Undergrad: 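The structure that follows is given in the form of structure tokens.
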Protein chains: 4
Amino acid sequence: MAKGKQVRKSASTRGAARPVRKRATPALTPDEREARTNALLAAALDVFLERGFESARLDEVAQRAGVAKGTLYLYFPSKEALFEALIGSLIASPFQAAGEVLLKQDVPAETMLRGLLHFAKTEILATRRKDVARLIISEAGRFPELAAFYHREVIGRGMGIVRSIIERGVKSGEFRSDAAARFPQLVVAPILVAIVWTGLFDRVQKLDTSGLLDAHADLLIAGLKGGTQ
Amino acid sequence: MAKGKQVRKSASTRGAARPVRKRATPALTPDEREARTNALLAAALDVFLERGFESARLDEVAQRAGVAKGTLYLYFPSKEALFEALIGSLIASPFQAAGEVLLKQDVPAETMLRGLLHFAKTEILATRRKDVARLIISEAGRFPELAAFYHREVIGRGMGIVRSIIERGVKSGEFRSDAAARFPQLVVAPILVAIVWTGLFDRVQKLDTSGLLDAHADLLIAGLKGGTQ
Amino acid sequence: MAKGKQVRKSASTRGAARPVRKRATPALTPDEREARTNALLAAALDVFLERGFESARLDEVAQRAGVAKGTLYLYFPSKEALFEALIGSLIASPFQAAGEVLLKQDVPAETMLRGLLHFAKTEILATRRKDVARLIISEAGRFPELAAFYHREVIGRGMGIVRSIIERGVKSGEFRSDAAARFPQLVVAPILVAIVWTGLFDRVQKLDTSGLLDAHADLLIAGLKGGTQ
Amino acid sequence: MAKGKQVRKSASTRGAARPVRKRATPALTPDEREARTNALLAAALDVFLERGFESARLDEVAQRAGVAKGTLYLYFPSKEALFEALIGSLIASPFQAAGEVLLKQDVPAETMLRGLLHFAKTEILATRRKDVARLIISEAGRFPELAAFYHREVIGRGMGIVRSIIERGVKSGEFRSDAAARFPQLVVAPILVAIVWTGLFDRVQKLDTSGLLDAHADLLIAGLKGGTQ
DNA sequence: CATGAATGAGATTTCATTCAT
DNA sequence: CATGAATGAAATCTCATTCAT
């Protein structure tokens, strides 16, 4: 009893080639596992950003994370799962917390609005979050659940916070226009501009996003105070 | 075998009266060629919009255009060329013309701004142009030359027109803030919001883009008039 | 507008290498298509028989059929579909027809039984049908619908025919035992033996399947005539 | 670090009393090793039966046996070796013994034949042996040495015993036909039917294998007695 | 001895592109 | 000019096998 016709060419066509391999196998501590997960997610973010979902090659993600292709599948069951985990891992927390803190303070609505836009500068535009946002903008058209998730977790909350600020300003007599309460998108529109511009045109014409948001703050507040509507 | 292959030897059999032609070796008139080209571009727009560049299938483009797949290659040498031709064919003209007309009129800058935003409503948001814009936003990251082209042909001109309007308003004393002259993006930011929102979140929460732009116009003009900066 | 970052390495990473290619593209006549389909099915039969479903490589099927790997997918949408088409194409017809013809004749049941076993010799054991049977025996455990299909189309009909013959023989007084009417499998059991033996042990010890079935016919008929039960 | 690695240097630390051993470097007793081997074989049987050789996952085998995947390789050097060991471990013994016992008895050949078929009922069809047989039938085409081994160890002996019984019956005048001595396969054919049918069609149409073999015994013996050949 | 994370060859499947007719 | 069958590179995902701990 032995070999058999040719179930597999030679006993080890499949299975390793025995390369360098720094460390190999024993039980990973949760920290180690998390570190690898993060390395993979970081690599994935890079590649998805550079190429988009469809064009992104898992080979490349693995390579940049310094692991073999198959290893990736020990952490994420599919390309889509990787993508979703990536998005999920990056949009999460700071928004609602920041919003609540902002609303708890006893300061003029104007200060709040400026604080909000400053927050956008430091927490979105200055971080990878702006890239995630761009990725979502690019891909969510083909990932409806992702769009819904993002809308619920990020957009909805953000709009709610903006609306609260404006309403408070109107109630206190600080603002005369409630246009921005009806369309909180107007408050954040320049953030979107900054995100998109950065992704598309920065190589051609750099945009001073900080100046943009400052100018927007001024203009917006002037409008809210002066508006007769 | 007896397939006409001797017909059409010189490139200009065209002017002809279009006789029987049992559909074998036609000799297309320029009009016919253009019609086919347009059919292909229209089909391509649909498919690229639905699927994105990578996921779009040329099979499907050809099918929707009613031609064989190989035919597509008689009109465009590659998928990329098709995509670029598509974008090129759709962004071009109306903007600069409209802008110049606007600037020639002797009306208050406010009216011009409102006219501009109205133009955006009718000529962008209410047409396929918004879809093209979204397509560009999604894909231009991976087509730098496309981004540059779009920036040059559309964005740059648009920003120039906006800046002219604002400067005129400032000069005439109508506006006190020149923030929007320094950052004309602030004027169009809500258009971008409308485009992106429509593409991503409309299924979840519809946005009244017309109301959005109206509110923006009010707020913006109030800001420009009241701003002290 | 042009290339773009690197949507694809060089314009033609994907798509042909331009080999020999005997004939290439124009509309296939139904005959041609059928011929190719048959070539593919024939190649598939070989490969599935040699390797079993799981081990069979579509590469090899394509190669043996003389086409490229992708071509196979123009004819069958998946490996499983190919497998099912293969089985379907090979088990079909001759059985029921043969059975009905047999039953219509006005001959002794014994003659019918011998005819049936002769039919098995010439139409199953001497043809590829025996290989198909073996393939089904090997794989149907993991293709329940295939088993059901085969049972319905082949086994059920066969058993029905056998039962009819036996019952006729009993009714006419030719046979005294009706054991084989209750278990028509007993009549065909040696056919199964021949099929399995041929596939597994012929290299080790050849089996005279013709002699086997003749001996079986004698023994069976003697049993049916002499049986007291 | 302080992980015992100096323990077990010579291969025979075994006989030992099995002390505390905080589960680190055990030193298995032969019994323990055999128990694990059996657990692995049992698990392997299940998985190979459910999936077939190719589709069987060693992961699953290890899991069902309650060991890590790597451990499996301490017991069997490859998937193929595991498969072969499995078959080897299951087909062996009871047949030749039973056969010899049968032949030693001083009973009519008919009784022997009935005994043989009864043995098949209880020792094959009612046990996992029928599953092993099916596994062999399915896979031996691709494991020629397995087929040869099985033929030598099981089939050959079985046929020899059958032949002896028939010859004895002919010699004693009990049987008139020697067809079954020339083709002992005829005696066991319904066992094969039972095995195959059970594996393929039981879900569709249950077969009374016991009744089948009883009917076969009657018919066969009637045939052997009455046959004039 | 046992573990189980890591590996990477290889399988199926897709689709832009070509070219004989 | 148009066709559409054919091509084959390349992508995702699987899993037998290895080996540091």
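Note on naming: letters A, B, ... go to the chains in the order of the sequence lines (proteins, then strands), and numbering restarts at 1 for each one. Just so we're clear, the structure is a prediction, and the values are computed from it rather than from any experiment. Computation of the quantities below employed the complete heavy-atom set of this structure, encompassing side-chain atoms and omitting hydrogens, waters and symmetry-equivalent molecules.
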Undergrad: Using atom CD of D/E60 as one end and atom P of F/dA16 as the other, report the distance to the nearest whole Å.
TA: 11 Å

Undergrad: Rounded to whole Å, please give me the gap between CZ in C/R51 and C1' in E/dA11.
TA: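 Answer to the nearest Å: 14 Å.
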
Undergrad: Side chains of B/L58 and B/Y73: does their closest heavy-atom pair fall under 4.5 Å?
TA: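 B/L58 reaches B/Y73 side chain to side chain.
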
Undergrad: Quick check: on DNA chain F, is the nucleotide nearest A/E80 upstream (toward 5') of the one nearest C/G70, or the reverse? Name the residue that is more 5'.
TA: C/G70

Undergrad: Which part of the nucleic acid, if any, lies within reach of D/A81 when heavy atoms closer than 4.0 Å are counted: base, sugar-phosphate only, or nothing?
TA: nothing

Undergrad: Check whether any side-chain heavy atom of B/R64 sits under 4.5 Å from a side-chain heavy atom of B/V47, and report yes or no.
TA: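 Yes. Closest side-chain heavy atoms under 4.5 Å.
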
Undergrad: Taking atom C1' of E/dG10 as reference, at what distance in whole Å does atom CD of D/E54 sit?
TA: 12 Å

Undergrad: Just to confirm, is there a sub-4.0 Å distance from OP1 or OP2 of E/dC1 to any side-chain nitrogen or oxygen of D/R36?
TA: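 So the side chain of D/R36 is outside the cut-off, no N or O lying under 4.0 Å from OP1 or OP2 of E/dC1.
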
Undergrad: Identify which one of B/K79, B/R51, B/K69 satisfies the salt bridge (Lys or Arg N to Asp or Glu O under 4.0 Å) criterion when paired with B/E60.
TA: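 With B/E60 as partner, B/K79, B/R51, B/K69 yield a single salt bridge (Lys or Arg N to Asp or Glu O under 4.0 Å), made by B/R51.
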
Undergrad: Using side-chain heavy atoms (C-beta onward) and a distance below 4.5 Å, is B/L41 in contact with B/L82?
TA: yes

Undergrad: Are any non-hydrogen side-chain atoms of B/E34 and B/N38 less than 4.5 angstrom apart?
TA: yes

Undergrad: How far does OG1 of C/T71 sit from CZ of C/R36, to the nearest 0.5 angstrom?
TA: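 Rounded to the nearest 0.5 Å, the OG1-CZ separation comes to 6.5 Å.
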
Undergrad: OP1, OP2 of F/dT7 versus side-chain N and O of C/T71: anything below 4.0 Å?
TA: yes

Undergrad: Expressed in angstrom and rounded to an integer, what is the separation of B/F83 atom CZ from E/dA16 atom C1'?
TA: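 Going from CZ in B/F83 over to C1' in E/dA16 covers 16 Å.
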
Undergrad: Report the nucleotide, chosen from E/dA2, E/dT18, F/dT12, that has the shortest atom-to-atom distance to any side-chain atom of D/L74.
TA: E/dA2

Undergrad: Requiring both pairing distances under 3.5 angstrom, list the stems that contain DNA chain E and are made of three or more consecutive Watson-Crick or G-U pairs.
TA: E:2-21 with F:2-21

Undergrad: Considering only heavy atoms from C-beta outward, does the side chain of D/F53 approach that of C/E54 to under 4.5 Å?
TA: no

Undergrad: For D/D59 and B/L72, find the nucleotide of DNA chain F closest to each by heavy atoms; which residue's nucleotide sits nearer the 5' end?
TA: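 Result of the comparison: B/L72.
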
Undergrad: Select one nucleotide: of E/dT3, F/dT17, E/dT17, the one nearest the side-chain heavy atoms of B/K69.
TA: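 Looking only at side-chain atoms, B/K69 lies closest to E/dT17.
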
Undergrad: Can you tell me if CD on B/E50 sees more than 12 non-hydrogen neighbours from other groups inside 6.0 Å?
TA: yes

Undergrad: Would you kindly give the NZ-to-C1' distance between C/K79 and E/dG10, to the nearest whole Å?
TA: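 After rounding, the gap between these two atoms is 12 Å.
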
Undergrad: Remember a base hit wins even if backbone is also touched, and classify C/Y75 as base, sugar-phosphate or nothing at under 4.0 Å, heavy atoms.
TA: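 Here C/Y75 touches the backbone only, sparing every base.
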
Undergrad: So which of residues 61-68 of chain D are in contact with DNA chain E, with a heavy-atom cut-off of under 4.0 Å?
TA: D/V67, D/A68

Undergrad: Pick base, sugar-phosphate or nothing for A/L58, based on heavy-atom distances below 4.0 Å to the nucleic acid.
TA: sugar-phosphate

Undergrad: When you measure from the side chain of C/S89 to the backbone of C/L86, do you find a donor-acceptor pair of N or O atoms at a distance under 3.5 Å?
TA: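 Between the backbone of C/L86 and the side chain of C/S89 there is a qualifying donor-acceptor contact (under 3.5 Å).
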
Undergrad: Go through the steps to decide whether D/F143 and D/F83 satisfy the test ring-ring contact (aromatic ring centres under 6.0 Å, His included), and finish with yes or no.
TA: CA-CA 10 Å; D/F143 288 87; D/F83 182 67; 5.0 Å; yes

Undergrad: Rounded to whole angstrom units, what separation is found between the CZ atom of C/F76 and the P atom of F/dA6?
TA: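 These atoms are roughly 12 Å apart.
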
Undergrad: Can you check the C/Y73 OH to E/dA16 P distance for me, whole Å?
TA: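 It is 17 Å, rounded to the nearest whole Å.
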
Undergrad: With the side chain of B/R57 defined as its heavy atoms from C-beta on, choose the nearest nucleotide among F/dT12, F/dT17, E/dC15.
TA: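 Of F/dT12, F/dT17, E/dC15, E/dC15 is nearest to the side chain of B/R57.
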
